[in-house]
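Note that ligands are numbered from 1 as they come in the structure, with each ligand's atoms numbered from 1 the same way.
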Amino acid sequence: MASKYQAPRGTFDVLPDAARGRARIEGAAAAIFARAGYEPIATPAFEDTELFERGVGRSTDIVRKEMFSFEDKGERSLTLRPEGTAPICRAYLEHGMHKLAQPVKLSYLGPFFRHERPQAGRYRQFHQLGLECIGTDSPLADAEAIMLLSDLLGELGVPGVQLRLGSLGSLDARRAYLEELKAHLHAHESELSADVRERIDINPLRAFDSDDEGTRDVMASAPTIVASLAGEDAEHFAAVRGLLDAAGVGYEVDPTLVRGLDYYTRTIFSFVCDALGAQSEIGGGGRYDGLIEQLGGPPTPAVGWAAGIERILLALDETEEAPGRDAFVAIADENQRQRAMALAVELRHAGLSAELDLAGRGLKGQLKHANRIGARRVLILETDGSAQLRDMESGEQRAADPGNLVDEMTGGES
Ligand code: HAM
């Protein structure tokens with residue numbers, strides 16, 4: 001019987017079948033992060049609203065329209081985190097991590113919240129896993145970050161993945177370029193869609209993302225920052241590309257690549273997957289050399305990325321089979337309950353997965369249930385203290401030594 005209550009729009013329940021696929025992704029990511037020395041960090045699910053306004057940028061869609069913000073009882077404005085980079089930079093400064101040997105390499109995983117229009121691959125609560133490498137401007141860090149996401153998607157078997165790479169230049173170069181771009185947009189104002197026109201001076205880069213035909217024509221002749229990269233910015237971008245080439249990581253330079261957060265400088269990248277439809281980005285990120293200073297810290301270059309766990313799952317489109325059980329402890333008689341409980345516990349302590357009946361079924365019902373949960377063997381505890389061992393696959397059953405049931409089970413495993 002369904003209740004009138006449902007998970008809120010844009011959210012979902014992770015049922016056990018889906019949880020198994022997630023656990024595999026999270027396990028693979030944790031192993032990749034650990035092997036490359038990215039230590040786990042966890043920050044709160046909500047932060048002061050101002051952190052995101054300053055960090056992510058007031059002109060972004062995320063801050064303008066998509067934040068779940070609320071006032072606490074002390075009339076402070078708090079926001080459910082829409083992304084993880086600004087909170088991690090906050091934590092980096094709060095805990096004096098800038099005094100540690102640099103770079104500080106961190107990894108994370110958890111729920112994030114954006115009030116977006118829900119559709120396949122786009123939710124209001126979703127999960128990201130990601131990494132941040134804070135305190136170096138070396139192109140090696142950019143290349144390492146990109147290669148780790150490439151490795152993860154490869155190891156998981158995500159099909160049809162492409163890497164798009166761009167560069168926004170340093171903060172000064174970016175500023176100069178934005179003036180040039182705004183001038184181009186103003187010169188073609190009448191051909192632009194209304195929402196792009198309104199945001200020429202607020203966020204001109206988003207015009208590259210527009211679906212509107214007139215806007216796209218204008219953008220086809222727009223100056224690109226990749227073409228205008230010069231000096232150290234051009235060298236940095238060339239060095240990142242050289243490192244990816246040497247490592248055999250395929251990519252396409254996309255001079256029109258932009259991202260939905262304001263903090264990026266220099267390298268930006270996006271892993272897209274053709275299996276995903278409209279929400280085709282599976283993960284992405286880039287360098288954010290100005291963010292920590294923006295939050296009140298010392299000038300600190302950094303790079304990182306995040307990938308959407310739901311999008312990885314959608315791209316994989318596979319369900320993980322339930323793992324089955326090593327053993328089920330059945331009882332022929334109620335008077336064997338205590339013994340069954342003790343035996344199940346002992347089997348678990350010996351490292352086996354073991355269940356017993358918790359619903360008062362008769363022996364026949366217990367065997368049926370053992371079969372349903374995929375138990376490979378059933379130990380039947382008889383009224384007189386003897387025991388039977390039944391192999392569920394072959395149906396064979398034999399007497400077992402009641403004093404050595406755990407040994408029988410573990411010995412039989414090897
Ligand atoms: P982002 O591109 O906003 O970057 O999000 C990263 C990933 O999160 C996306 O590629 C997508 O897979 C997933 N994602 C975003 N929004 C949703 C949604 N509404 N529903 C489902 N999945 C979603 C960031 O958040 C940056 N903090 C990444 C970063 C880390 N840059 C540097 N360091």
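For ligand 1, one of its N or O atoms has an N or O atom of Arg114 under 3.5 Å away. Residue Gly308 places at least one N or O, backbone or side chain, under 3.5 Å from an N or O of ligand 1.
Not a single heavy atom of Gly260 sits under 4.0 Å from any atom of ligand 1.
The closest non-hydrogen atom to atom 17 (C) of ligand 1, taken over Trp305, Phe126, Phe271, Phe112, comes from Phe126. Between atom 25 (O) of ligand 1 and the options Arg287, Arg259, Gln128, the minimum heavy-atom separation is to Gln128. Which of Leu261, Ile282, Leu131 comes nearest to atom 12 (O) of ligand 1 through a heavy atom is settled by distance: it is Ile282. Checking Tyr264, Tyr288, Tyr108 against atom 28 (C) of ligand 1, the nearest heavy atom belongs to Tyr264.
Within 6.0 Å of the CZ atom in Arg216, the count of heavy atoms belonging to other residues, nucleotides or ligands does not exceed 12. Enclosure of atom CZ in Arg372 by more than 12 non-hydrogen atoms of other residues, nucleotides or ligands within 6.0 angstrom is indicated. For Gln119, the CD atom is densely surrounded, since the number of other residues' heavy atoms within 6.0 Å is greater than 12. More than 12 heavy atoms of other residues, nucleotides or ligands lie within 6.0 Å of CD in Glu71, so this atom counts as buried by the packing criterion.
Taking every heavy atom of Gly283 and a limit of under 4.0 angstrom, the matching atoms of ligand 1 come to 10 (O). The contact set between ligand 1 and Gly121, taken as ligand atoms under 4.0 Å from a residue heavy atom, comprises 20 (N), 21 (C), 22 (N).
Side chain to side chain, Tyr288 and Glu132 meet the donor-acceptor criterion of an N or O pair below 3.5 Å.
Between Thr267 and Val303 there is no side-chain heavy-atom pair separated by less than 4.5 Å.
What sits closest to atom 9 (C) of ligand 1 on the protein, heavy atoms only, is Glu281 OE2, 3.5 Å. Scanning all protein heavy atoms for the shortest distance to atom 11 (C) of ligand 1 gives Arg311 NH1, 3.3 Å.
When heavy-atom distances to ligand 1 are checked against a 4.0 Å cut-off, Glu132 comes that close only through its side chain, counted from C-beta outward.
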